[in-house]
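Only a predicted model underlies this, so the values are computations on that prediction, with no experimental measurement involved. Side chains included, hydrogens not; waters and symmetry mates left out as well; all remaining heavy atoms used. Naming convention: chains lettered A, B, ... in sequence-line order (proteins, then strands); numbering from 1 in each chain.
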Amino acid sequence: MRIRELRIENFRKFRQPLHLTGFEDGLNLVCEQNEAGKSTVLEALRAVLFERHGSRSDRIRSFRPHGDEVAPTIEVGFDLGDANWRLRKRFLQNPSVELEGPTGRATGDEAEERLQTLLGFARAGNRGADDDSRGALGLLWVEQGQSFVLGTPGQGARRTLEEVLAGEVGAVTGGQRTTTVLQAIERSLADYQTPTGRPTRRLLEAQEAAASAAEDARAAQAELEQFDSVLERLEAKRNEQRRLVAELDDREQQQKLTQLEADLDRARTAGQALRTAEALLREATGERGRLESRESSRRELRTQVAQADQGATTARSAAADHDPVLEAARQSEKDATAALESARTALRTAEERRLVVQRGQAAQARQRALAAAFLRLDAAENIATTLQARRDELTANRMTADAHSELLNLEQTVAEAQAAASAGAAVLSVELLPSAPAARLNGAAVEGGLRVLVSEPQSLELDGFGTVSVTPPASGEPAQARLRAAEQDLAAFLADVGCATPLAAKEAAQAHRDATQASALLAAQLKAACPEDAALGIGAGLESLRGALASETRPGASATPKDGAAGAEDVDDAWQMARTAEREAEGRRQAALDTLQDAQITNVKLTNQVERTAAEVSRLGEQLTADLEAMDDDALAAALDAAKTDEARAILARDEAKRAVEGLDEAALLQRRDALRKRRERLVNDRLGLVGEIAQLEERAKALGGAGPATRAAAAAELAEAAAATHDRLKEEAEVLSLLAETIRDAQRETARRFLAPITQRVAPFIGRLLPNASIVFGEDLRPTLLTRGGRKEATDDLSKGTQEQLAVLTRIAFADLLIEKGKPASLMLDDALVFADDDRFEVMLEILAEAAQRMQIIILSCRTSAYRGLEAKRLLLA
Amino acid sequence: MRFIHTSDWQLGKPFGRAPEQARAALLEARLDAIDALAAAARREGAGFVLVAGDVFDSPEPGDRIYRQALTRMKAASDIRWVLLPGNHDPARADGLWSRLASEAPDTVIVCLEPLPIELAEGYWLLPAPLQYKRTQDDPTAWFDHAETPDGAKRIGLAHGPIRDFGSSTAAANLIAPDRARRAALGYLALGDWHGRREIDALTHYSGTPEPDDFDREVSGVALRVDLAGETPDVVQVGIGRYHWMSESWSVASGGELDGLLANLAPGIERQHLVLRLRLSGLLTLAERVALRDRLESELAHEVRWLDLNLDDLYARPTDADLADIDASGVLRVAAERLQALSATEDAAGRRAVAALERLYVEQRRADRLEAR
């Protein structure tokens, strides 16, 4: 489609007619300033084609210039293929339409309809044309501010495009129908499950119903089982009750009990009889025992009486036998005492005599001791005199042991000094021949030869020859000095001790040692001569002896100790004999005393025995007498016989009673009877309990049975089965619907992909030039939805406004290309498009538009003169 | 002596598998059978109705069923009802029967003991009540030695299968087939078998008066028995309301349906028909949809309960079917895919078949919507 000319009158700002001519096939550029009316031109074009001439909509009214009641009129000339068409519409006042073309002229609705068919748009609604009604041209003629809208093409446009696409790919989307069917299916499916596949509504209800029915069935079954168990229990209880009643009514049991009672009575009676017999027997036995023991104790008593008599007799004779013994003892004691007295007297006499003798002996002994002491004193005085002489001698001799030691030391020192002096001195040796003249050394003649140590200057005079002098060297002087000193010390010592030579000194020393030894010997002799004398009370030592004897007179030799000694011995012997005799007498008296005492004790004992046995005899005799008085022997024997008879009888009676009791065990009978009674009591109680239980169970059975548990259980089971089946069926239906919906959606996706391929292919080169490595994906509604750049996907809504606009323009070029290829009317009209494009993109877009212009008419309306300056296009002016 | 011989009322049978509405109606119909039996007795001049066991569906049918039964029998006070416990409602202690025995009016005779009962002058009833669901002994064995006055007519009343019925499972409560002869019975009224069956001239199963399942032989009747003659005069009396039918139709084209429907259960009112219908065959998708639509939206509402099974009615979508769905668009692609999926016999295949059919239905619905 190509616009050739346009005439506008009374339309918006164009009150005066505007006549635009000179539109060319390719690019047409209307570059005018703002407010020049570019958009009005586009609006007029859209109005004349798409608005119905008779419409009085608000939009149509807005076409009128402000304040004028005029008729907006538009006339357009266009080519379709080779045919020229002219369309004129007048709005509001005397509205009219006129279409003129190769097939002739049409007016009114006919013209409108022909126009719609011709250009492929729909009749506008009451409110005027819209995107849906305008069709493909409406999509391609982009109004100001709409160029960047990446919207879904309107219904009309889409239908046209879809038709074209279907022709190209041999497929149709089914479009609305598919949507309708899919929606219906999805609505149905929504009754079963949520989009995520969870059960909902009907399916959920069915599922819940199935679960609840299953639960009901279980509950009903449980109830039925409970009911059955109640009935079973009831029957069991009934049976038990029957058994109980039968047992309670059992006559045999009754008889048994009666029999037991009777047996028990008999047993009790027999038992009582036995106990009585046993008591009687015990009594008889006791009586017999008592009598027997009396008899035996009487026998015993008699024996005791006899024995007591015997004892008493024995005691009396023993006492009598003892009297002489006592008397003899008394006499012996008297005799012994007298003997003792006489012995004591003799002893005293002997003692007196012995004392006299002893005093005499003592005086003699002193005299003898005194004489001896004087003798000792004499000897001691001699020794003391000699000792004193020796001691004086010692005092005179100064060569003590110490002095002797010193002498030896001094001699040693001289010898050592001499040796030292000789060692350092020259030796003068002279050998004289026998023919030699006389020679003198230091004036002393030399015979034969000599040898001298030269410690002093030596002068050897040889007659006829002269004198040879030898002087000792100075080096021997110190040794010579020491020798001299030592010799002086020795000389001084000797002088001190008063000895001429060392030899004399040594002899003196020997004399000193001898004197010392002699003194010591004498001192010891002196000590021995003066021992201690105990008899005279003299201490040891010469001085004590001298002192003690100073006052005593040396006794003479007058005493005759021989007589005195002999008389003393006799006296002593006599005293000893007297002492022995006294001791003997005392011993005898003591023995006599002891014997007497023993005899007296025995006497007392025997007397007591006699009294005691007599009392015993008396007591036992009285006892026997009393017993016999109570019952004499004959009576006792008779009573014992009677008691024995009684006992025998009692034994017989007891044995009989015992036999009667045998076979009648009262305790066992009692036990059996009580057991039987208890059992009956229990039975009665049990029966009562059972009656209650049965009543309860009956009531329960009635209550439970009223609900019809078996029927309910059967019904519930069937219902559960049906509910499960329904649930399964619905589940299957949901599956079917799900499968169907999924299959349709799959088909839709695939078809859409195939269907949109022509557009995608056509737009691809443009996109590639504008955005290298980018491609665009269209939605089923022909809307560009995704831009893929280097593998990255971006929703077109998220792109920048500039990019969105550029994509929208490129898409429209592709649509227009497609329409033109399929012989549909198409041209592109852009009002103030590409306002957001940067310089580079703008240039690319212009290149693409220029190329597209070789295939279609493109009309660009813009206020940016300079931007399009380089574009090769037919430029049109509104003035 | 005339009486009505009936059995297997099974009052309270739940019919849990039926839809709720049908369930209630079927339940009620069994109670109504009592009234119908009373009417039949009056019509036939029979003073007694002998029920040969299974009066109730279970030993505890619930108060409502119990009361309804009792009320209806009380209402027909001109009839004497003789009730026998069967295997469904055995006379166990303390259950339903003791309650019934104590609450029933004189006109209702409850047979709880195997003892002869004189029904009328010279007519003695020998009942064989079941104490348990299953017993190994023949409950009628005692008939042979039952003492009745000389010349009396003996009527046996029992519940259980005849020994040689051929069912291997029914080993309990077996009844000797020649019991009537051996026990010198004038008539042996039997229950348990829900279809009416004559064993010999003296021995009859009446069947249930109100049918309760598909595939029975004659059922829904009672027997009017007259013992005046040498042999009993037994006449079948219709009682039941609902007819249970089980049909299997094989169809080759949608057009056959009209004929089949026209010949369905002649003489039976549709509202009294309980129908189990199984269709098999191979149709086009369009035909199958149309046929199903007709059965589900027409027949199903005409009859009491339609138990419809179309599992074996296969649809083979034709090109026309597919074209109906869509000439070439998305839906066509979807239809072709589903058809490909349906090639298998398994669950997934059946699911695909159903989905395709649904697509067809939806498409046609959309067509109708658009046409409006």
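Contacts of B/A18 with chain A are absent, with no heavy-atom separation under 4.5 Å from either backbone or side chain. For A/L224, the part sitting under 4.5 Å from any heavy atom of chain B is the side chain, from C-beta outward, and nothing else. When heavy atoms are compared at a cutoff of 4.5 Å, A/E750 approaches chain B solely by way of its side chain, counted from C-beta outward. Looking at A/E735, both its backbone and its side chain come within 4.5 Å of chain B, counting heavy atoms on both sides. Neither the backbone nor the side chain of B/I65 comes within contact range of chain A; no heavy atoms are under 4.5 Å apart. Contacts between A/L737 and chain B at a heavy-atom distance below 4.5 Å involve the side chain alone, from C-beta outward.
Between B/D324 and B/R364, none of the side-chain N atoms (NZ, or NE/NH1/NH2) sits under 4.0 Å from a carboxylate O, so this pair counts as no salt bridge. Looking at B/D307 and B/R276, a side-chain N of the basic residue comes within less than 4.0 Å of a carboxylate O on the acidic one, giving a salt bridge. A salt bridge between B/R23 and B/E28 is absent, with no side-chain N of the basic residue lying under 4.0 Å from a carboxylate O of the acidic one. A salt bridge links A/E215 with A/R218; the closest basic N to acidic carboxylate O contact falls under 4.0 Å.
Residues forming a ring-ring contact (aromatic ring centres under 6.0 Å, His included) with B/W244 (at least two apart in sequence, or on another chain): B/F15, B/F214.
Comparing B/Q363, B/E336, B/R365 by heavy-atom pairs within less than 4.5 Å of chain A, the highest count is held by B/Q363.
The cationic atom of A/R783 (NZ for Lys, CZ for Arg) does not lie both less than 6.0 Å from the six-membered ring centre of A/F778 and within 45° of the ring axis.
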